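Notes follow the structure.
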Amino acid sequence: MSEDDTRTGLRCLVTGATGYIGGRLVPELLAEGHQVRCLARSPDKLRDYPWAGEAEVVRGDVTDAESVGDAMREIDVAYYLVHALGSGRDFEETDRRAARIFGEQAKAAGVRRIVYLGGLTPVGVPEEELSPHLRSRAEVGRILLNSGVPTTVLRAAVIIGSGSVSFEMLRYLTERLPVMVTPSWVSTRIQPMGVRDVLRTLVGSATMPAEVNRAFDIGGPDVLTYLEMMRRYATIARLPRRLIFPVPVLTPRLSSHWVGLVTPVPASIAKPLTESLRHEVVCHEHDIARYVPDPPGRPIGFDASVALALQRVRDAQVTTRWSSASYPGTSSDPLPTDPDWAGGSLYTDRREMTVDASPEALWRVIEGIGGDNGWYSFPLAWAVRGWLDRAVGGVGLRRGRRDANRLRVGDSLDFWRVEEIEPGHLLRLRAEMRLPGLAWLEMYAEKDDDGRTRYRQRALFHPHGLLGHLYWWSVSPFHSVVFGGMARNIAKAAAKNAPGEVKEPALTR
């Protein structure tokens with residue numbers, strides 16, 4: 001890139017802006033004076049991000065050549081931050097097809113550079129022996145490098161930052177298990193990298209010279225085993241020393257279920273991550289420093305990265321989480337409009353009641369639902385539903401909340417996702433648990449004709465096939481306990497906490 005380009009700013013396309021890295025990269029690019037366009041399947045998910053008014057958002061999908069081509073117009077640098085991990089058995093083919101489309105459309109549009117964040121692969125290990133996750137990441141990198149557009153492939157191992165899937169896995173394993181029997185991969189050497197340095201490297205890669213077309217290993221200054229990472233985390237978090245006993249009998253599949261049981265990370269995501277830890281993932285070159293120089297001193301070390309991440313969690317300043325992206329395999333279909341929806345059966349459970357509090361006090365309770373605050377209903381019923389969902393590979397209840405008090409469109413909320421929010425009035429959640437159909441939960445804070453505060457709640461279910469109908473009728477007898485209890489307890493909590501601030505509710509899951 002020329003000096004004029006860096007001075008006036010580049011036009012950057014970011015895919016994966018609803019995800020963990022993409023959602024943090026956009027404001028970093030804007031801060032450097034670049035113009036940013038985001039390609040998103042559901043643009044509304046970016047509506048409430050702090051930087052939303054400064055970036056252009058267009059609708060599209062990386063597997064749709066036409067929408068990618070439209071998004072590439074007048075773009076200088078295109079960031080490829082998406083992958084199909086966990087989307088099914090054919091995720092490698094989906095990744096392959098999407099990467100080809102991206103490279104072809106970038107070349108046709110005259111894009112000057114592609115930047116891709118992939119995975120660090122072990123040296124000397126045949127590709128067929130790699131996990132499908134790492135193998136696909138490596139193939140995507142090759143496809144982009146061969147696209148005819150100068151490409152920077154950044155290969156990172158474990159990324160440590162508040163809300164990252166690697167950090168959450170490490171945090172929950174260490175905090176919840178003072179004594180643990182672990183798989184043999186805890187002895188594998190890893191080179192973790194702080195998210196701040198990952199973002200710095202991604203931004204700096206935009207201005208690489210046109211002749212650079214290659215992959216770079218990127219990592220932090222520390223090389224540690226996962227065992228050492230857990231013990232150092234315990235020290236930084238001021239936890240008692242953890243007793244850890246590695247055993248060779250836990251396969252990646254078994255250990256992924258173990259991770260899924262103990263942490264918020266579901267087994268379907270934990271499995272490719274744990275499979276990737278079978279081989280040593282350590283940088284074998286640091287050539288990236290020629291083009292993106294290290295900051296004064298050196299990159300942030302593991303201990304400092306963990307300390308920063310923990311502080312962010314404690315201060316409720318986690319800007320994006322691993323679950324920011326839609327959970328693989330769940331529907332993103334919007335709520336069907338009614339009454340003119342013609343898509344088939346739509347079961348509804350409605351609850352309404354007067355609340356002895358202001359609409360503002362009621363709204364604070366509604367927006368604070370879930371996570372540590374619970375669901376204002378029969379706790380055991382919610383817990384059992386979460387356990388059943390985890391047992392069949394779903395997300396369960398453990399994803400919690402990004403922020404204890406505020407929600408935005410696209411946030412994950414236990415086994416729901418925020419589909420719509422009208423501050424002070426409406427919260428609509430879409431279910432991401434495993435179901436034979438699609439489900440939503442709506443909560444409203446309103447005033448009636450007499451000026452009284454009304455709480456209105458709707459649970460909706462669109463069944464898929466006979467199994468979906470049977471599911472609804474099998475659980476409907478419990479709705480008076482679950483949904484009826486929720487409505488009553490939300491109303492009580494609003495009345496109890498009015499007019500002051502909402503306290504932690506008495507009924508938690």
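Predicted model, so just to flag it, every value in this text is computed and none were measured.
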- side-chain contact (heavy atoms from CB on, under 4.5 Å) assessment of M72 paired with V68: CA-CA 6 Å; M72 290 282 189; V68 174; 4.0 Å; yes
- Task: Dump the intermediate steps for side-chain contact (heavy atoms from CB on, under 4.5 Å) on R135 and E92, then the final yes or no.
- Result: CA-CA 8 Å; R135 187 169 60 235; E92 289 182 87; 3.2 Å; yes
- Task: Apply salt bridge (Lys or Arg N to Asp or Glu O under 4.0 Å) to the pair R290 and E285, showing each step before the final yes or no.
- Result: CA-CA 11 Å; R290 299 177 192 171; E285 44 87 5; over 6 Å; no
- Task: Go through the steps for K107 and E104 under the test salt bridge (Lys or Arg N to Asp or Glu O under 4.0 Å), then give the verdict.
- Result: CA-CA 5 Å; K107 184 177 181 181; E104 290 167 359; over 6 Å; no
- Query: Checking side-chain contact (heavy atoms from CB on, under 4.5 Å) for the pair V418/I421: CA distance, chi angles, key distance, verdict?
  - Reply: CA-CA 7 Å; V418 180; I421 186 167; 4.3 Å; yes
- Trace of the side-chain contact (heavy atoms from CB on, under 4.5 Å) decision for Y233 with E175: CA-CA 9 Å; Y233 178 95; E175 291 185 356; 2.6 Å; yes
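When every heavy atom of V149 is checked against every heavy atom of G103, the shortest pair comes out as CG2-O, 4.3 Å. Residue V26 comes nearest to A55 through the heavy atom pair CG1-CB, 4.2 Å, listed as atom of the first residue, atom of the second, then distance. Considering every non-hydrogen atom in both P221 and G301, the closest pair reads CG-CA, 3.6 Å. Nearest approach of L10 to H34, heavy atoms of both residues: N-ND1, 2.9 Å. The minimum heavy-atom distance linking L81 with G22 is given by the pair CD1-CA, 3.8 Å. Here the closest non-hydrogen pair linking R97 and T63 is NH1-CB, 3.6 Å.
The line from CG of L435 to OH of Y471 is 4.5 Å long, rounded to the nearest 0.5 Å. Between the CG atom of L407 and the CZ atom of R417 there is a distance of 12.0 Å, given to the nearest 0.5 Å. I114 contributes atom CD1, which lies 9.0 Å from atom CG of L145 (distance to the nearest 0.5 angstrom). Interatomic distance, OG1 of T174 versus CZ of R232, reported as 13.0 Å (0.5 Å rounding). I159 CD1 to Y20 OH: the interatomic distance, rounded to the nearest 0.5 Å, is 7.5 Å. In this structure, OG on S162 lies 7.5 Å from CZ on F167, to the nearest 0.5 angstrom.
Remark: side-chain polar atoms of R401 are not paired, donor with acceptor, to backbone N or O of L413 under 3.5 angstrom. In this structure, R37 contributes its side chain and R73 its backbone to a donor-acceptor pair below 3.5 Å. Judged by distance alone, the side chain of S67 and the main-chain N or O of D61 form a donor-acceptor pair under 3.5 Å. At distances below 3.5 Å, not a single donor-acceptor pair connects side-chain atoms of D414 with backbone N or O atoms of G370. Here the side chain of W416 pairs no donor or acceptor atom with the backbone of W440 at under 3.5 angstrom. At least one donor-acceptor pair closer than 3.5 Å links the side chain of R242 to the backbone N or O of P240. Using modelled atom types, no side-chain atom of Y116 and backbone atom of A99 make a donor-acceptor pair closer than 3.5 Å. Between the side chain of R155 and the backbone N or O of G119, no donor-acceptor pair lies under 3.5 Å. Panel note: side chain D64, backbone G60; no donor-acceptor pair is recorded below 3.5 Å. In this structure a side-chain-to-backbone donor-acceptor pair under 3.5 Å is present from Q191 to G220.
Under 4.0 Å is where a charged nitrogen must lie from a carboxylate oxygen, and between D403 and R406 no such pair does. A salt bridge between R408 and D411 is present, with a side-chain N of the basic residue lying under 4.0 Å from a carboxylate O of the acidic one. One finds a salt bridge joining E93 and R96 here, because a Lys/Arg side-chain nitrogen approaches an Asp/Glu carboxylate oxygen to under 4.0 Å. Remark: R200 does not engage E32 in a salt bridge, criterion side-chain N to carboxylate O under 4.0 Å. Note on E228 versus R189: no salt bridge recorded, every NZ/NE/NH1/NH2 to OD/OE distance being 4.0 Å or above. With salt bridges taken as basic N to acidic carboxylate O contacts below 4.0 Å, none links D76 and R113.
Surrounding CD of E66 are at most 12 heavy atoms belonging to other residues, nucleotides or ligands under 6.0 Å away. Around the CZ atom of R196, the shell of radius 6.0 Å holds no more than 12 heavy atoms that belong to other residues, nucleotides or ligands. More than 12 non-hydrogen atoms from other residues, nucleotides or ligands lie less than 6.0 angstrom from CD of E56.
In summary, the side chains of H83 and R137 do present a donor paired with an acceptor at a separation below 3.5 Å, with no hydrogens or angles considered. The closest side-chain donor-acceptor pair between S42 and D44, if any, does not fall under 3.5 angstrom. Defined by atom type and a distance below 3.5 Å, a donor-acceptor pair is present between the side-chain atoms of D95 and S136.
R112 has its side chain out of reach of V77: every pair of non-hydrogen atoms, C-beta onward, lies at least 4.5 Å apart. Counting heavy atoms from C-beta on, the side chains of F102 and V140 never come closer than 4.5 Å. In this structure the side chain of L227 reaches within 4.5 angstrom of the side chain of R231, judged on heavy atoms. In this structure, T188 and Y226 have side chains that are not in contact, with every pair of non-hydrogen atoms separated by 4.5 Å or more. With a 4.5 Å cut-off on side-chain heavy atoms, L39 and V14 do not count as touching. Put simply, the side chain of T18 reaches to within 4.5 Å of the side chain of L46, judged on heavy atoms. P27 is not listed as a side-chain neighbour of Y49, based on a closest heavy-atom distance of 4.5 Å or more. The shortest side-chain heavy-atom distance between Y291 and V212 falls under the 4.5 Å cut-off.
Figure legend: R214 and F216 shown as a cation-pi pair, the cationic atom lying under 6.0 angstrom from the six-membered ring centre and within 45 degrees of its axis.
Here the rule is side chain to side chain contact (heavy atoms under 4.5 Å, CB included) with L154, and of D217, V292, L120, I288 only I288 fits it.
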